[in-house]
Amino acid sequence: MELQRAVRLALIAAPGVAAHITPERIRASIARPEDAPVIIMAPAQVDILGRASGGQVVAEIAMKLHVWTAADQSDIAHQITSAAMLALMDAPRVDGMQVDEWERPAMAWVPDPASALSFAHAVIALRAALRWKVS
C-alpha cells in the first residue's frame with residue numbers, strides 16, 4: 001500500500017526515530033515483536049467512500065503504528081514516539097494518490113499484554129482520506 005510506504009519513509013527520515021531504530025526495524029507486521037526498539041505498522045483499515053470525477057476512487061484509511069521498546073527504556077520510548085508524531089504531523093507525499101484529508105496523529109500508551117516480557121508499548125493512530133485514479 002502506497003500510504004504505508006510513505007509513512008515508513010517519513011519515519012525513516014525523522015532524526016529522532018532514526019537515532020534509535022534502524023530502517024529494517026520499521027516494518028509492516030501483524031505479530032508482536034520479539035525484541036525492541038521497533039515500529040510495527042499494523043494492516044490498515046480501508047473504507048471505500050465512493051467515486052469522484054475523472055474515474056477516481058475515494059477511500060478513508062486508518063492505520064495504527066505500534067512503538068515497542070524495552071520497559072526500562074521509557075525515555076527512549078518517549079523520544080521515538082514524539083519524533084514519529086512530529087514526522088507525521090503533516091501528510092506524507094503518497095505516490096499516485098491525492099491526500100484530501102489528514103488527521104493529526106493520536107497516541108496512547110498501552111499496557112504490555114505479556115507483562116513477563118516487559119515492553120513499553122505506544123500506539124499511534126493515523127487517518128487519511130485518499131483519492132486516486134483507477135486505470
Side-chain angles (χ1 to χ4, degrees):
M1 164 179 259
E2 291 303 318
L3 178 60
Q4 191 174 64
R5 182 184 341 253
V7 166
R8 182 175 183 272
L9 290 174
L11 293 171
I12 289 170
V17 174
H20 302 288
I21 300 179
T22 59
E24 64 273 5
R25 298 190 57 76
I26 300 171
R27 63 181 188 270
S29 180
I30 57 171
R32 183 180 196 284
E34 293 184 17
D35 57 353
V38 65
I39 296 177
I40 301 290
M41 296 181 292
Q45 175 183 329
V46 179
D47 295 317
I48 300 293
L49 301 177
R51 297 184 185 276
S53 65
Q56 297 180 93
V57 173
V58 181
E60 180 178 82
I61 288 86
M63 290 179 62
K64 300 271 193 287
L65 307 177
H66 296 266
V67 179
W68 297 87
T69 64
D72 63 352
Q73 296 180 329
S74 63
D75 56 335
I76 292 173
H78 285 273
Q79 291 171 27
I80 294 167
T81 304
S82 296
M85 290 184 69
L86 285 173
L88 298 168
M89 185 78 79
D90 297 313
R93 186 171 168 271
V94 183
D95 290 338
M97 298 182 171
Q98 176 66 41
V99 179
D100 290 334
E101 186 177 327
W102 179 262
E103 286 188 8
R104 302 285 193 230
M107 186 274 299
W109 290 99
V110 181
D112 188 345
S115 57
L117 298 176
S118 297
F119 280 106
H121 179 206
V123 178
I124 300 172
L126 303 174
R127 196 195 73 70
L130 302 177
R131 180 171 33 98
W132 67 95
K133 186 171 179 77
V134 178
S135 32

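Numbers for residues simply follow the sequence, beginning at 1. For clarity, every value in this text was computed on a predicted model and none was experimentally measured. Only heavy atoms go into these numbers, but all of them, side chains included; no hydrogens, no water, no symmetry mates.
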Could you pull out every donor-acceptor pair under 3.5 Å between side chains of residues 120-135 and any protein atom, sequence neighbours left out?
| from | atom 1 | to | atom 2 | distance (Å) |
| --- | --- | --- | --- | --- |
| His121 | NE2 | His66 | ND1 | 2.9 |
| Arg127 | NE | Glu103 | OE2 | 2.7 |
| Arg127 | NH1 | Glu60 | OE2 | 2.6 |
| Arg127 | NH2 | Glu101 | OE2 | 2.2 |
| Arg127 | NH2 | Glu103 | OE2 | 3.2 |
| Arg131 | NE | Asp100 | OD1 | 3.4 |
| Arg131 | NE | Asp100 | OD2 | 2.9 |
| Arg131 | NH1 | Gln56 | OE1 | 3.1 |
| Arg131 | NH2 | Asp100 | OD1 | 2.7 |
| Lys133 | NZ | Gly54 | O | 2.6 |

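- The side chain to side chain donor-acceptor pair (under 3.5 Å) search around Glu24 returns Thr22, not counting sequence neighbours.
- Under a hydrophobic clustering in which Ile, Leu, Val, Met, Phe, Trp and Tyr are joined whenever their side-chain heavy atoms come within less than 4.5 Å, directly or via other members, Ile30 and Phe119 fall into different clusters.
- Shown here are the side chain to side chain donor-acceptor pair (under 3.5 Å) partners of Asp72, two or more places apart in sequence or in another chain: there are none.
- Pairs passing the salt bridge (charged side-chain N to carboxylate O under 4.0 Å, His left out) check and including a residue from residues 36-51, sequence neighbours excluded, do not occur.
- Tracing side-chain contacts under 4.5 Å through hydrophobic residues (I, L, V, M, F, W, Y), one reaches Trp109 starting from Val67; they form part of the same cluster.
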For residues 2-19, which side-chain donor-acceptor pairs fall under 3.5 Å, sequence neighbours excluded?
| from | atom 1 | to | atom 2 | distance (Å) |
| --- | --- | --- | --- | --- |
| Glu2 | OE1 | Arg5 | NE | 3.3 |
| Glu2 | OE2 | Arg5 | NH2 | 2.9 |
| Arg8 | NE | Ile26 | O | 2.6 |
| Arg8 | NH2 | Pro23 | O | 2.7 |

Problem set entry | side chain to side chain contact (heavy atoms under 4.5 Å, CB included) between Ile39 and Ile21, worked out | CA-CA 8 Å; Ile39 296 177; Ile21 300 179; 3.6 Å; yes
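- For Arg93, the salt bridge (charged side-chain N to carboxylate O under 4.0 Å, His left out) partners two or more places apart in sequence, or in a different chain, are Asp95.
- Residue pairs meeting the salt bridge (charged side-chain N to carboxylate O under 4.0 Å, His left out) criterion with at least one member in residues 33-43, sequence neighbours excluded: Arg25-Asp35.
- Scored by the salt bridge (charged side-chain N to carboxylate O under 4.0 Å, His left out) test, Asp75 finds no partners at all (sequence neighbours excluded).
- Under a hydrophobic-cluster definition in which Ile, Leu, Val, Met, Phe, Trp and Tyr are linked whenever side-chain heavy atoms come within less than 4.5 Å, directly or via other members, Val99 and Leu49 are assigned to different clusters.
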Expected list for residues 79-89: side-chain donor-acceptor pairs under 3.5 angstrom, two or more places apart:
| from | atom 1 | to | atom 2 | distance (Å) |
| --- | --- | --- | --- | --- |
| Gln79 | OE1 | His20 | NE2 | 2.8 |
| Thr81 | OG1 | Ala77 | O | 2.8 |
| Ser82 | OG | His78 | O | 2.9 |

